[in-house]
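Please read these numbers as outputs of a predicted model, since none were measured by experiment. Each residue takes its place number in the sequence, starting with 1. Heavy atoms only: backbone and side chains are in, while hydrogens, waters and symmetry mates are out.
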Amino acid sequence: MWVVSGSGCRWLGAGGALAVTVGGYAAGALPVVGGGALWAPRGSATETAGAVLAALGLTVLVAAWWRYGVLLARGAAGGALGTLAAWGAPLLLAPPLHSADVYSYVAQGAMVLEGYDVYGAGPSVLGPGELGADAAASVGGNWTDTPAPYGPVFLLLAEAVVKLTGGAVVPAVLLLRLLAVAAVALLVWAVRGFGKGDGALWLAVLNPLLLVHVVGGLHNDGLMAGLMLGGVLLAVRGRWVLGSVLVGCAVMVKSPAAVALLFVAVIVARRDGLLKGLVLPPAVAGAVAAGASLLAGTGFGWLRTQSVAGAIHTPLSLTSDLGLALGTLVADDPEPVKAVVQKLGLLAAAVIVCLLAWRAYRGRVDPVLGLGYALVALVVLSPMVQPWYLLWGTVAVAAVAWHSRAGQLLAVVSAALVYETQPAGHTPWYGFAAAGVVLALGAVWLRRDRWPAGAGGLSGRPAGSALRA
């Protein structure tokens, strides 16, 4: 049947993406001011209708993606790049979807341009008439007074966007979307470089979690992931210096990419010796970080703001939820107990990362796959978790082992998490209920259509070309 063929999935998903975009014009994360007539907030009835349309479109997109992956696993479909174009094109002119973070990006770029300390204050310092003031008015309440947790490479890009657009909200958002598209293109290059074909692209970049939150929501996690995975690919090919530069740039977008530096060191150490691996890649990345910090004029304040996001409670953080529950039971003020549990979670994540790196060094797991697992573990145990954080590790797993039990599980979780936030960026209870339904359906799928457990798994030998020049 047409609707279950590869071609059918392509056009079905494109229709879903179009519905998400159209619904977003009524129910997306629209700017408070500066959006013009097209991105102006609508009445409640129109907003509700838009949210329903966007939810239906998202469900169609997820269903098309899921079916497309099954067909790819059976060798019955192809043309992933054409499908990516068809699904991504409708989102290019959408307003910000499922998150208002892009307004923080614009405001922080304006703060750098206006000479404010972006690591010492939040967007609220921008006064009326200053560049980025309209964007600052649309920043979510939790982030209005929060210093930037991003590195100077990203802030330089945000500053350039504000310079080119004068801080006007719509042009700045659309220019940042071009940056998001460039990040997706970088990811496509990196994922294809590992030679796993259309299936790897399916899990990594056709993933609705990426389309909605990187193309639609413009999150800079896409740029971080693209630079990170590109750097690892270059290291795999023996070009570890340039690879370390790219990973260093990724860290200067968002700090979790630093985990990749450890696995680049493993790749170099296995080829050229432990001392070279432990010393040289970190030295190259450190030089990139120092140079970017000086070039941006923001200094090294990013070193002290990496924990600011952890102060904001997100329901997806298991350690924050557990710490809050324990603290409520045993203390009048739950925050100290919560902080201890969060720190223990980060310690456990560090232990897991190091164990995976050791196994990769010993040749018991592919270093790229180890990186993917390490980043997933970091997300699961972090004090602040957003749905799109799962993409950090998913792209690495997809690149070398998409057709494995791990890849299959990540596909299910990705499909569930895409429902957690609404087009306006809120996280209502019914989003979690929808995610639970998808997880239940995914569990049935996992039992009925089991992909190979040993395809690049932890118990296997290196799965791909990770140790070949």
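- Heavy atoms only, all atoms of each residue included: Ala360 and Arg270 are closest at O-CD, 3.3 Å.
- Side-chain atoms of Thr421 and His98 include a donor-acceptor pair closer than 3.5 Å.
- A donor-acceptor pair shorter than 3.5 Å cannot be found between the side chains of Trp65 and Asn207.
- Of the possible polar contacts, one joining the Arg177 side chain to the Leu92 backbone as a donor-acceptor pair under 3.5 Å is found.
- Counting heavy atoms from C-beta on, the side chains of Leu157 and Tyr105 never come closer than 4.5 Å.
- Looking only at side-chain heavy atoms (C-beta outward), Val284 and Trp240 come within less than 4.5 Å of each other.
- Closest of all the heavy-atom pairs between Trp39 and Leu93 is CZ2-O, 4.2 Å.
- Summarising the geometry of Thr427 relative to Phe432, their closest heavy-atom pair is O-CE1, 3.8 Å, with the distance given to 0.1 Å.
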> So Trp87 and Val215, side chain to side chain contact (heavy atoms under 4.5 Å, CB included) or not? Walk me through it.
Replying inline: CA-CA 10 Å; Trp87 294 1; Val215 181; over 6 Å; no
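- Side chains of Ser7 and Trp11 form a contact here, defined as non-hydrogen atoms less than 4.5 Å apart.
- Checked against Trp402 for a side chain to side chain contact (heavy atoms under 4.5 Å, CB included), the options Leu201, Leu72, Val397 give a single hit: Leu72.
- Partner Leu381 forms a side chain to side chain contact (heavy atoms under 4.5 Å, CB included) with one of Val351, Ile352, Leu346, Val376 and no other, that one being Ile352.
- Using a 4.5 Å heavy-atom threshold, the side chains of Gln108 and Val112 count as separate.
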Which atom pairs, donor and acceptor, lie under 3.5 Å between side-chain atoms of residues 259-268 and protein residues at least two apart or in another chain?
none

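- In this structure, His219 NE2 and Leu210 CG are separated by 11.0 Å, a value rounded to the nearest 0.5 Å.
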> Under the side chain to side chain contact (heavy atoms under 4.5 Å, CB included) criterion, do Asp449 and Arg74 qualify, and how do the steps go?
Replying inline: CA-CA 11 Å; Asp449 187 11; Arg74 296 174 181 172; 4.2 Å; yes
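- A 6.0 Å sphere centred on CZ of Arg42 holds more than 12 heavy atoms belonging to other residues, nucleotides or ligands.
- Here the side chain of Trp388 pairs no donor or acceptor atom with the backbone of Leu209 at under 3.5 angstrom.
- Leu324 CG to Thr319 OG1: the interatomic distance, rounded to the nearest 0.5 Å, is 11.0 Å.
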>> Run Val62 and Val438 through side chain to side chain contact (heavy atoms under 4.5 Å, CB included) and show every step you take.
In response: CA-CA 10 Å; Val62 169; Val438 174; 5.5 Å; no
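- For Ala200 against Ala399, the heavy-atom pair with the smallest separation is CB-CA, 4.3 Å.
- Between atom CZ of residue Phe194 and atom CZ of residue Arg237 there is a gap of 8.0 Å, rounded to the nearest 0.5 Å.
- Judged by distance alone, with hydrogens and angles left aside, the side-chain atoms of Ser404 form a donor-acceptor pair with the main-chain N or O of Ala401 at under 3.5 Å.
- Considering OG of Ser382 and CD of Gln342, their distance stands at 10.0 Å, rounded to 0.5 Å.
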>> Run Asp321 and His313 through side chain to side chain contact (heavy atoms under 4.5 Å, CB included) and show every step you take.
In response: CA-CA 8 Å; Asp321 292 341; His313 188 94; 2.8 Å; yes
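- Shown here are the salt bridge (charged side-chain N to carboxylate O under 4.0 Å, His left out) partners of Asp134, two or more places apart in sequence or in another chain: there are none.
- A donor-acceptor contact shorter than 3.5 Å is absent between the side chain of Thr394 and the backbone of Ala204.
- Shown here is Arg192, whose CZ atom has no more than 12 heavy atoms of other residues, nucleotides or ligands within 6.0 Å.
- Side chains of Tyr68 and Thr83: a donor on one and an acceptor on the other come within 3.5 Å.
- Ring-centre distance between Tyr389 and Trp392: below the 6.0 Å cut-off.
- In this structure, the side chains of Pro96 and Val173 come closer than 4.5 Å at one or more pairs of heavy atoms.
- When atom types are taken as modelled, the side chain of Ser104 and the backbone of Val139 share no donor-acceptor pair closer than 3.5 angstrom.
- For Ser138 (side chain) and Tyr103 (main-chain N/O), no donor-acceptor pair under 3.5 Å exists by modelled atom type.
- By the 4.5 Å heavy-atom criterion applied to side chains, Asp221 and His213 are not counted as neighbours.
- Taking 4.5 Å as the limit, every side-chain heavy atom of Val418 sits out of range of all side-chain heavy atoms of Pro387.
- No side-chain donor-acceptor contact under 3.5 Å links Thr146 to the backbone of Gly122.
- One N or O on the side chain of Ser5 and one on the backbone of Gly8 form a donor-acceptor pair closer than 3.5 Å.
- At least one side-chain heavy atom of Gln408 sits less than 4.5 Å from a side-chain heavy atom of Trp445.
- In this structure, OG in Ser414 is found 6.5 Å from CG in Leu203, a value given to the nearest 0.5 Å.
- Note that CG of Leu441 is 11.0 Å distant from CG of Leu446, once rounded to the nearest 0.5 Å.
- Val162 and Gly109 get closest at one heavy-atom pair: CG2-C, 3.9 Å.
- Between Ala29 and Ser99, the shortest heavy-atom distance links the atoms CB-O, 3.3 Å.
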